[in-house]
Student: 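Sharing a structure here in structure tokens format.
First listed ligand is number 1; within each ligand, the first listed atom is number 1. Here the structure is a predicted model, which means the values were calculated and not measured.
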Amino acid sequence: MGYMRHLSVPTDRAQEIIDKIKQLDWVSYEFRIHQKGENLLIPLNSEAPVPLPKNIGGEEITSEPIPMPLRKQSWKQIFEKEIGEGVLSNLDDRISKGHEIIGDIMIQPAHRFVDGRPEYIDALVRAKMQTHPRIRITLFDFGVKGKFRIRDLEIAAIRIDKIIQGDALKSLPSEILSSETIIKESGLRIHLDPSKVYFSAKLGNERIETTEKLLEFKEEIGRPLAVCDLYCGVGPNLAHLLSHKGLTSSILANDLNPECIPYLFRNLSPLKSKPVPNFEGIFHITEDIQVANMDALELASDTNQHGCWDVLFVNLPHESLEHLPHLIPLLRQDTPSIVRGWSILPTDELSTLSNRLHLISSNRSSHSEISFKVRKQYGAAKSMIGFWIRIEPK
Ligand SMILES: C[S@@+](CC[C@H](N)C(=O)[O-])C[C@H]1O[C@@H](n2cnc3c(N)ncnc32)[C@H](O)[C@@H]1O
């Protein structure tokens, strides 16, 4: 067998790094994690980017892989044994390889089949659940729906003492079928239900990178940061920041989807002991934390919020750039400020993106620094980018 990519990690940090890259779905389950000298070697699959992001930790090396013992077959082997060879290679990659693991839930891309569900799709789910024993429930994902971009999900299988699928699911009590889960990310526990709120486990690495940059920014301006996350979902960005004592001064967490609010109270550490109030508009929960359930544009038109924030998170990828000009007044004007955002845009607009972002920020100051990275491509036509704008004082 040839050599393959492994991540070599010191044993004392191994569990943390294994959890991180399992979450990102970059571990090859066909081969073993094994000891070499002082370190553990984690086999990487073809989804793992080359090179790996630096903040993952460890050192990337090539080494001879050790196959899993036969009883731990890969899901592909289990699937082909049941359905036969050749079916898998004919499937759309999104269906065969596009699954995502969120806590103990697997999200399996699917589409609504006109003539009933083909046998292979249930077999695919079973095979994947057999090789990922931590998965409790699998949900078919039929795409996103509505302005909150929540996934259109349906239960595909559940593991009780065995894997249950199809009509047998109908007789199970509803509490067993709950799609609520907990993500373990960088030592944090993030609660959510993907059938009610948006969440992307794949942004975990960017949350780590964002926190690192903001820790540097805090050092530079010499005081804790006032952070406003206008499209906060269940609060993963803010949960990361709050795990660093003294990084933030005040926080405003807003999302238009009311289902996000109870999860914010479970995910943001200072809110954990607080009851979830009934409120409209913006609500001061503690001296430092405001929570809101508003349209971001309406919130940004509230002049009480203008000039208050050092950092703005803007994560409404299909509309971030249209919203952004209306959000700039929220930024503080006397010290540098930062916008961290994500956007999906036509790939041929990438070449003019820096100019466009400069122009948007020029209402506040003519001095801004722009950077962006393409995170994902949707065919040749569209790209998802993560961007940073740093705006100097007026
Ligand atoms: C792409 S998600 C980002 C969620 C979160 N920041 C994260 O990284 O998990 C966008 C969020 O914006 C919310 N949303 C959609 N339209 C909005 C609006 N006009 N104002 C405020 N929030 C909005 C959605 O409910 C969703 O939670």
Student: Give a yes or no on whether a salt bridge exists between Glu82 and Arg126, defined as a side-chain N under 4.0 angstrom from a carboxylate O.
Tutor: yes

Student: With sequence neighbours excluded, give me every salt bridge (charged side-chain N to carboxylate O under 4.0 Å, His left out) pair touching residues 330-340.
Tutor: Glu206-Arg340, Glu209-Arg340, Arg332-Asp334

Student: Just list the N/O pairs, ligand 1 to protein, that are under 3.5 Å apart, with the distance for each.
Tutor:
unit_1	atom_1	unit_2	atom_2	d
ligand 1	6 (N)	Tyr231	O	2.7
ligand 1	8 (O)	Asn315	ND2	3.2
ligand 1	19 (N)	Asp295	OD1	3.4
ligand 1	20 (N)	Ala296	N	2.9
ligand 1	22 (N)	Leu256	N	3.3
ligand 1	25 (O)	Asp255	OD1	2.7
ligand 1	27 (O)	Asp255	OD1	3.4
ligand 1	27 (O)	Asp255	OD2	2.7

Student: Could you tell me if the side chain of Trp26 sits less than 4.5 Å from the side chain of Leu7, heavy atoms only?
Tutor: no

Student: For Tyr29 together with His132, are the ring centres under 6.0 Å from each other?
Tutor: yes

Student: Please work out whether the ring planes of Phe113 and Tyr120 are parallel, tilted or perpendicular, with thresholds of 30° and 60°.
Tutor: perpendicular

Student: Is the gap between the ring centers of Tyr231 and His323 under 6.0 Å?
Tutor: yes

